[in-house]
Amino acid sequence: WKGQSRQFVSENTSLLVAFALAILMMYLTLAAQYESFRDPAIMFVSIPMSLAGAMLFFALGITSINIYTQIGLLALIGSIIRHGILLVEFANEIQREEGLDRRQAIEKAASLRLRSILMTTIATLVGLLPLLIVSGGPGAASRFAISFTLGVGMAIGTIFTLYMVPALYTVIATKHSRSSLN
């Protein structure tokens with residue numbers, strides 16, 4: 001590899017390492033916080049789906065894979081995980097406080113947290129809109145690449161999160177009882 005090809009390959013390798021380390025650090029932090037390896041796994045289910053949704057548009061040729069879209073994908077991981085955290089954490093609290101089973105707890109958590117999840121997604125998309133529609137000027141291509149990747153990934157990831165996190169929670173989530181409060 002020579003020139004720009006060499007630079008792209010070296011940047012691509014280092015960014016893959018950054019992706020892996022970011023995901024590993026988030027997973028271990030959440031596992032320590034929730035004292036469970038299952039709950040963070042449920043929270044992470046939306047990450048591959050949102051990344052795949054964003055990468056679909058790479059295959060369609062709307063934007064290319066470059067350092068800016070890779071930064072957008074890294075930001076997407078941090079943004080989309082919040083939805084899973086909101087649902088799982090609130091469902092765990094409902095299980096502890098009200099003594100409901102996993103299905104009832106996640107149904108109640110999803111109905112109560114739907115508004116905040118949708119508002120977070122809409123606020124992100126509206127905030128990215130100026131970056132998408134501005135053309136010309138220095139850095140316009142980089143702003144478009146980051147904002148397009150993040151916006152499309154958030155929209156698709158939110159849809160998947162609203163269906164997949166509750167479904168997975170009912171199957172593999174840790175059972176929390178009232179006695180675990182003490």
Side-chain angles (χ1 to χ4, degrees), residues 12-13 15-34 36-92 94 102-103 105-129 131-132 144-174:
N12 193 20
T13 304
L15 209 55
L16 288 176
V17 171
F19 274 122
L21 289 175
I23 289 173
L24 179 66
M25 289 300 296
M26 284 192 303
Y27 183 81
L28 292 176
T29 302
L30 290 170
Q33 181 178 351
Y34 292 102
S36 168
F37 286 110
R38 289 191 253 170
D39 289 347
I42 297 166
M43 296 171 193
F44 275 61
V45 74
S46 57
I47 291 175
M49 293 177 204
S50 63
L51 292 176
M55 288 185 196
L56 172 69
F57 290 91
F58 298 163
L60 295 175
I62 294 175
T63 187
S64 65
I65 298 176
N66 56 42
I67 190 68
Y68 300 112
T69 55
Q70 291 173 348
I71 291 170
L73 290 173
L74 195 57
L76 176 61
I77 291 171
S79 298
I80 201 67
I81 192 72
R82 289 181 296 189
H83 300 331
I85 292 171
L86 276 173
L87 288 172
V88 172
E89 183 176 4
F90 202 63
N92 289 347
I94 291 172
R102 290 182 292 197
R103 181 179 176 161
I106 195 66
E107 285 176 356
K108 186 170 184 179
S111 66
L112 293 173
R113 292 295 183 197
L114 175 66
R115 181 175 164 217
S116 62
I117 289 171
L118 292 178
M119 287 177 64
T120 300
T121 302
I122 291 169
T124 301
L125 295 176
V126 169
L128 293 172
L129 194 60
L131 299 174
L132 286 170
F144 177 81
I146 292 173
S147 60
F148 183 80
T149 303
L150 186 57
V152 167
M154 277 293 286
I156 292 172
T158 298
I159 293 168
F160 281 121
T161 299
L162 293 175
Y163 290 101
M164 294 305 295
V165 169
L168 197 57
Y169 186 88
T170 59
V171 177
I172 68 168
T174 306

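For the pair Met154 and Leu150, the minimum side-chain heavy-atom distance is below 4.5 Å. In this structure, the side chains of Thr124 and Ser79 stay at 4.5 Å or more apart for every pair of heavy atoms. Using a 4.5 Å heavy-atom cutoff, the side chains of Met49 and Ile156 are not in contact. The closest side-chain heavy-atom distance from Ile77 to Leu51 is below 4.5 Å. The shortest distance between side-chain heavy atoms of Val165 and Val88 falls below 4.5 Å. Phe58 has its side chain within reach of Thr149: a pair of non-hydrogen atoms, C-beta onward, lies under 4.5 Å apart. When side chains are defined from C-beta on, Leu87 counts as touching Ile117, because their heavy atoms get closer than 4.5 Å.
Atom CG of Leu76 and atom CD1 of Ile71 lie 13.5 Å apart (nearest 0.5 Å). The CE atom of Met25 sits 11.0 Å away from atom CG of Leu30, with the distance rounded to the nearest 0.5 Å. Put simply, CG on Leu28 and CZ on Phe37 are 7.0 Å apart, with the number rounded to the nearest 0.5 Å. Atom CG in Leu86 sits 10.5 Å away from atom OG1 in Thr161 (nearest 0.5 Å). Here CE of Met43 is found 11.5 Å from CG of Leu168. Values are rounded to the nearest 0.5 Å. Atom CZ of Arg115 and atom CG of Leu118 lie 10.5 Å apart (nearest 0.5 Å).
In the displayed structure, Phe44 atom CZ is contacted under 6.0 Å by more than 12 heavy atoms of other residues, nucleotides or ligands. Counting non-hydrogen atoms of other residues, nucleotides and ligands closer than 6.0 Å to CZ of Phe148 gives a total above 12. Heavy atoms from other residues, nucleotides or ligands lying under 6.0 Å from CE of Met164 number 12 at most.
Judged by distance alone, the side chain of Arg113 and the main-chain N or O of Phe90 form no donor-acceptor pair under 3.5 Å.
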Notebook entry, point to check: Stepwise, does the side-chain contact (heavy atoms from CB on, under 4.5 Å) test hold for Thr174 with Asn92?
Noted result: CA-CA 8 Å; Thr174 306; Asn92 289 347; 5.9 Å; no

Item checked: CA sep, side-chain torsions, deciding dist, call: Leu162, Leu114, side-chain contact (heavy atoms from CB on, under 4.5 Å) -> CA-CA 8 Å; Leu162 293 175; Leu114 175 66; 3.8 Å; yes

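Between Thr69 and Thr63, the side chains place no donor N or O within less than 3.5 Å of an acceptor N or O (distance only, hydrogens not considered).
The two residues Gly157 and Ser46 have their closest heavy-atom pair at O-CB, 4.3 Å. Across Phe144 and Ile62, no two heavy atoms sit closer than the pair CE2-O, 4.4 Å. Contact detail for Leu74 and Ala22: the closest heavy-atom pair is CD1-CB, 4.1 Å. Nearest heavy atoms, Ser50 versus Ile80: OG-CG2, 3.7 Å. Considering every non-hydrogen atom in both Ala155 and Leu125, the closest pair reads CB-CD1, 4.3 Å. Nearest approach of Ala109 to Ala91, heavy atoms of both residues: CB-N, 3.6 Å.
Among residue pairs with one or both ends in residues 17-34, those qualifying as side-chain hydrogen bond (donor to acceptor under 3.5 Å, both in side chains) are Tyr34-Glu89; sequence neighbours excluded. Screening residues 150-160 for side-chain hydrogen bond (donor to acceptor under 3.5 Å, both in side chains), with sequence neighbours left out, gives His83-Thr158, Thr121-Thr158.
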